[in-house]
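Worth saying up front: this structure is predicted, and the values here are computed from it rather than measured.
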Amino acid sequence: AQSVTQLGSHVSVSEGALVLLRCNYSSSVPPYLFWYVQYPNQGLQLLLKYTSAATLVKGINGFEAEFKKSETSFHLTKPSAHMSDAAEYFCAVSPGGYQKVTFGTGTKLQVIP
Amino acid sequence: DTEVTQTPKHLVMGMTNKKSLKCEQHMGHRAMYWYKQKAKKPPELMFVYSYEKLSINESVPSRFSPECPNSSLLNLHLHALQPEDSALYLCASSQDGGAGDTQYFGPGTRLTVL
């Protein structure tokens, strides 16, 4: 069985501050891990994906995430928050093969001017 | 073209109506998905088509009926829905549904059942 846990349903940061969104996963096999962003009334957009090629994954819009097997974590970071980063962020896990992707419950990021 | 399109954007229907949601992609993807998303919740998988064949049905009620006429199109036929079926319905596609496949999502159809 696979699962992801996102710590903090709401995170507030000041504009220009570090963004840190937490994700811990559980998977019986080496997983594929994803971060998606969803703006209001829109679909999900892929930010980045971990496929075991490198533990530090760089994504779009200045986001990156580090895979830490020992901590079963895949936290999302961005050095400096922009107002346009305000959105809902979903961490997701797939064990690979023809199996479904499991989404976390989401973290709503608020950026304060 | 990395776009998944969905029509209509908004749909209001009564409980006795029959309507359809449409999804289209031209990325050559062979796996397509329907998700249901309630407010402030993650997407919930409903159906997966792989190579135009239904491969996953997540025990969805029969009032939702998927159809994949060809590799580019995915429909969701709706009949006798309930108010609790009101949600954002998202379509996604991926290369072939295999290991590590990235799913590309459409903008969704906002469905309201009266």
Novice: If I measure from the heavy atoms of chain B, does A:Tyr39 come under 4.5 Å with its side chain, its backbone, both, or neither?
Specialist: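 Neither part; nothing is under 4.5 Å.
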
Novice: Select one option (side chain, backbone, both, neither) describing which atoms of A:Gln45 are under 4.5 Å from chain B's heavy atoms.
Specialist: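 Neither part.
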
Novice: Partners of B:His29 by side chain to side chain donor-acceptor pair (under 3.5 Å), sequence neighbours excluded?
Specialist: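 Expected list: B:Ser93.
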
Novice: What part of A:Leu46 gets within 4.5 angstrom of chain B, counting heavy atoms only: side chain, backbone, both, or neither?
Specialist: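 The side chain, not the backbone.
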
Novice: Do B:Tyr35 and B:Gln103 get their side chains close enough for a donor-acceptor pair, meaning under 3.5 Å?
Specialist: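 Indeed, the side chains of B:Tyr35 and B:Gln103 share at least one donor-acceptor pair under 3.5 Å.
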
Novice: Answer with side chain, backbone, both or neither: which region of B:Glu58 has an atom nearer than 4.5 Å to a non-hydrogen atom of chain A?
Specialist: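 Contact with chain A is through the side chain of B:Glu58 alone.
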
Novice: Are A:Tyr25 and A:Ser73 linked by a side-chain donor-acceptor pair shorter than 3.5 Å?
Specialist: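 No donor-acceptor contact under 3.5 Å links the two side chains.
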
Novice: B:Phe105 and A:Tyr36: aromatic ring centres closer than 6.0 Å?
Specialist: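 Yes, close enough.
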
Novice: Could you tell me which portion of A:Glu88 (side chain, backbone, both or neither) has an atom closer than 4.5 angstrom to a non-hydrogen atom of chain B?
Specialist: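 Neither; nothing under 4.5 Å.
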
Novice: Under 4.0 Å between a side-chain nitrogen and a carboxylate oxygen: does that hold for B:Glu52 and B:Arg30?
Specialist: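 Yes, B:Glu52 and B:Arg30 are salt-bridged.
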
Novice: Looking at A:Leu44, A:Leu33, A:Asn41, A:Thr51, which has the largest count of heavy-atom pairs under 4.5 Å with chain B?
Specialist: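 Heavy-atom pair counts peak at A:Leu44.
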
